[in-house]
Asker: 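One structure, as structure tokens, below. Some questions next.
Every chain is numbered from 1, with letters handed out A, B, ... down the list of sequences.
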Protein chains: 2
Amino acid sequence: MSSLKILVVEDEDAIRGMLIMVLQQAGFFPTAAKDAEEAQNIIHDNPPDLILLDWMLPGISGVEWARRLKKEPIYSDLPIILLTARGEEEDKVRGLEIGADDYMTKPFSPKELVARIHAVLRRSGKILGQAQICLGDLILDIDQHRLIIGDRQLEVSPTEFRLMHFFMTHPDKVYTRTQLLDQVWGRSVYIEERTIDVHIRRLRKILEEYGRDDLVQTVRGFGYRFSMVD
Amino acid sequence: MSSLKILVVEDEDAIRGMLIMVLQQAGFFPTAAKDAEEAQNIIHDNPPDLILLDWMLPGISGVEWARRLKKEPIYSDLPIILLTARGEEEDKVRGLEIGADDYMTKPFSPKELVARIHAVLRRSGKILGQAQICLGDLILDIDQHRLIIGDRQLEVSPTEFRLMHFFMTHPDKVYTRTQLLDQVWGRSVYIEERTIDVHIRRLRKILEEYGRDDLVQTVRGFGYRFSMVD
DNA sequence: AGGGCTTATTACCTTTTTATGACAAACTTC
DNA sequence: GAAGTTTGTCATAAAAAGGTAATAAGCCCT
């Protein structure tokens, strides 16, 4: 699942801006509101997958608004993370009479925020990886961790599986070795670009037995492409 | 089984009230106590099927009381879910051998609470599912704690049984060691991940005699999978 | 055709991951 | 409370995977 929308409801410009920045960086699609009223409109027009809500808001307080939201059946499943200043309210928040799914005390690190968002989204089932990815007669089953062609199962190593996963979710497009390294191995790993060649080779060898080694195509001077079309 | 009784032990009125509300809504029959002493009486007069216990209590702390309870043979099977505030204690909960079956960090969503209660009840056998679970020629007899293959029946140890139970009710999907630990042993126990390997080994050894050790499959880099398919 | 560059292929070695047997503590059972 | 189970941990063996370098093969241009 991609394009997870997060609504930030926060009256202080600086904090709101910072939050939006952080969220974008983390791959979310943030929208923002200054108060409950504005937020209400956004929710109506373009319901987000999660709300980051300031405890104190001008007009209707964040808590109050959250409570109302949770009562409406349409929105009751919408996860809410409360943002509070450190202080006396902390105890009350813990009481969770509000129905918030989590809370954070300012100031917090971007890292922690993103981590909590992920946790809440996962808990509420918003992050559902597709169970299966099909492409022609290729099936990559994430849950079962299996790669199947037709009715036969292929034996692939962890890295081969990840590579295949990336290819199948990004078909028909050329990727440089560096891009593949970043996407499949992760930005923080440092290995030779040429190593990619070897892994491509290994993938092809496996696919070869099924006459499908033509799926992994070399684009001379650029990199590799995975495609059902020649 | 209907009319599952749940005892809430929590000193803060607001939270206690909220919990009771949530539990009723979810179809349980909650009773409540403000402290360990009160709880002790209730347990004696009208033993519940599960206890929701606050970590911090006036007088005897929740943890201390839980520990004592677990030592009494009569109550040792009574599942306990600990409620803790987020903070330093969190780590301790996992580490310390309290004997709780699960724990939750406030604040939590009602949904999650109910889900965990169900999970714990199921694990501890309070919720009767099917009496038998069949998969191919495998039959797992819940009541008798027996595994039947074809026409022969064999005894398995408690842990092996639970592991087998989990596998047979969740076939074809890969689980990491951590997931298995959480699901089969419970979230609050702390044992080495590698211990899973040993239990897998033991399961396989049993199945081996019937030529069925291929049911438990290793998925390198991820974990294990139980499947009738290769 | 040949030089220069890019990719393919293979072999090798290191690291990582899993399997297995043994042991001791904890727990049951009689 | 003694004998037998059960279960978690460790040490070690075994297996698989992953990265690199060396060499072969291929492509493109003049």
Side-chain angles (χ1 to χ4, degrees), chain A residues 145 147 154-166 174-182 184-186 188-209 213-226, chain B residues 67 70-74 76-77 94-99 145-147 154-166 174-178 180-182 184-186 188-209 213-226:
Chain A
H145 201 88
L147 177 60
L154 310 195
E155 298 294 325
V156 288
S157 77
T159 306
E160 282 148 21
F161 190 86
R162 286 200 310 270
L163 186 54
M164 201 62 189
H165 185 190
F166 178 77
V174 189
Y175 292 92
T176 66
R177 293 181 173 73
T178 309
Q179 285 174 325
L180 287 173
L181 234 36
D182 281 356
V184 180
W185 274 258
S188 53
V189 203
Y190 188 74
I191 54 177
E192 291 294 320
E193 286 213 334
R194 285 288 146 207
T195 303
I196 293 285
D197 298 32
V198 180
H199 281 281
I200 292 286
R201 159 71 177 145
R202 286 170 181 160
L203 245 193
R204 281 180 175 151
K205 208 166 190 174
I206 291 168
L207 294 169
E208 213 166 54
E209 300 183 41
D213 52 317
D214 56 313
L215 291 173
V216 183
Q217 302 164 359
T218 303
V219 180
R220 206 184 159 76
F222 281 88
Y224 297 97
R225 173 179 53 206
F226 187 87
Chain B
R67 194 174 291 142
K70 284 292 178 182
K71 279 192 180 150
E72 295 186 50
I74 326 159
S76 63
D77 283 341
R94 274 201 93 107
L96 282 175
E97 276 304 319
I98 306 130
H145 263 231
R146 274 206 189 118
L147 178 61
L154 47 150
E155 316 272 331
V156 288
S157 81
T159 307
E160 282 149 17
F161 181 84
R162 276 183 322 201
L163 185 54
M164 200 63 190
H165 184 260
F166 177 77
V174 186
Y175 293 91
T176 64
R177 293 182 174 74
T178 309
L180 288 173
L181 235 34
D182 282 357
V184 180
W185 275 259
S188 56
V189 285
Y190 188 75
I191 52 179
E192 290 294 320
E193 286 214 330
R194 285 286 146 209
T195 302
I196 292 286
D197 298 31
V198 180
H199 283 280
I200 292 287
R201 159 73 177 142
R202 286 168 182 160
L203 246 193
R204 281 181 175 151
K205 212 165 188 174
I206 292 171
L207 294 169
E208 211 166 52
E209 300 182 38
D213 53 317
D214 56 314
L215 291 173
V216 183
Q217 303 164 359
T218 302
V219 179
R220 216 154 216 280
F222 281 84
Y224 296 96
R225 173 179 54 207
F226 187 88

Asker: Whole Å only: how far is the CZ atom of B/Arg177 from the P atom of C/dT18?
Answerer: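 In whole Å, C/dT18 P and B/Arg177 CZ are 4 Å from each other.
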
Asker: Are B/Trp185 and B/His199 close enough that some pair of their side-chain heavy atoms sits under 4.5 Å apart?
Answerer: yes

Asker: Which atoms form the tightest heavy-atom contact between B/Arg177 and B/Glu193, and what is the distance?
Answerer: CD-O, 3.5 Å

Asker: Considering every strand and a 4.0 Å limit on heavy-atom distances, what is the contact class for B/Arg194: base, sugar-phosphate, or nothing?
Answerer: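 If one applies the 4.0 Å heavy-atom cut-off, B/Arg194 turns out to touch a base.
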
Asker: Tell me: CD1 of A/Ile206 to P of C/dT9, nearest whole Å?
Answerer: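 To the nearest whole Å, that distance equals 14 Å.
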
Asker: Take atom NE2 of A/His199 and atom C1' of C/dT10, then tell me their distance rounded to the nearest Å.
Answerer: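 Interatomic distance, NE2 of A/His199 to C1' of C/dT10: 15 Å.
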
Asker: What nucleotide, of C/dA8, C/dC23, C/dA19, holds the atom closest to the side chain of B/Arg202?
Answerer: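 Within the option list, the nearest is C/dC23.
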
Asker: If you measure from OH on B/Tyr175 to CG on B/Asp182, what distance do you get to the nearest 0.5 Å?
Answerer: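 So the gap between those two atoms works out to 12.5 Å.
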
Asker: Rounded to the nearest angstrom, tell me the gap between atom CD1 in A/Ile200 and atom P in C/dA8.
Answerer: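 About 8 Å, once rounded to whole Å.
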
Asker: Please give me the minimum heavy-atom distance between A/Pro158 and B/Arg220, naming the atom from each residue.
Answerer: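 Minimum heavy-atom contact is CG-O, 3.4 Å.
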
Asker: Go through the N and O atoms of the side chain of A/Arg201 and the base of C/dT9, and report whether any donor-acceptor pair is under 3.5 Å.
Answerer: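 Not at all, since no donor on one side and acceptor on the other fall under 3.5 Å apart.
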
Asker: Looking only at side chains, do B/Ser157 and B/Glu160 share a donor and an acceptor under 3.5 Å apart?
Answerer: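 Yes, because at least one side-chain N or O of B/Ser157 sits under 3.5 Å from a partner of the opposite role on B/Glu160.
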
Asker: Find the distance A/Leu207:CG to C/dA8:P and express it as a whole number of Å.
Answerer: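 Rounded to whole Å, this separation is 14 Å.
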
Asker: Given atom CZ of B/Arg220 and atom C1' of C/dT16, what is their separation to the nearest angstrom?
Answerer: 7 Å

Asker: Going by the rule side chain to side chain contact (heavy atoms under 4.5 Å, CB included), which residues pair with B/Val174 if we only count those two or more places apart in sequence or in a different chain?
Answerer: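 Counting only residues at least two positions away or on another chain, B/Val174 forms a side chain to side chain contact (heavy atoms under 4.5 Å, CB included) with A/His145, B/Val219, B/Phe222, B/Arg225.
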
Asker: Measure from CG on B/Asp213 to C1' on C/dT20 and round the result to the nearest Å.
Answerer: 14 Å

Asker: Quick check: on DNA chain D, is the nucleotide nearest A/Ile191 upstream (toward 5') of the one nearest B/Thr195, or the reverse? Name the residue that is more 5'.
Answerer: B/Thr195

Asker: Give me the residues of residues 154-165 of chain B where at least one heavy atom lies under 4.0 Å from an atom of DNA chain D, by number, or none.
Answerer: B/Ser157, B/Pro158, B/Thr159

Asker: Under 4.0 Å from OP1 or OP2 of C/dA19: is there any side-chain N or O of B/Tyr224 that close?
Answerer: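 Checking B/Tyr224 against C/dA19: at least one side-chain N or O falls below 4.0 Å of OP1 or OP2.
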
Asker: In whole angstrom, give the distance that lies between atom CD of B/Glu208 and atom P of C/dA19.
Answerer: 13 Å

Asker: Return the minimal non-hydrogen interatomic distance between B/Ile191 and B/Leu181, and the atom names on each side.
Answerer: O-CD2, 3.5 Å

Asker: Can a side chain N or O of A/Thr218 be found less than 4.0 Å away from OP1 or OP2 on C/dA8?
Answerer: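 It does, given that an N or O in the side chain of A/Thr218 lies less than 4.0 Å from OP1 or OP2 of C/dA8.
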
Asker: Within the structure provided, determine whether B/Arg162 and B/Thr159 are in side-chain contact (heavy-atom separation under 4.5 Å).
Answerer: yes

Asker: Earliest and latest nucleotide of DNA chain D, 5' to 3', sitting under 4.0 Å from a non-hydrogen atom of chain A?
Answerer: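 The contacted stretch runs from D/dA17 to D/dC27.
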
Asker: Parallel, tilted or perpendicular: which describes the rings of A/Phe161 and A/His165, with under 30° parallel and over 60° perpendicular?
Answerer: tilted

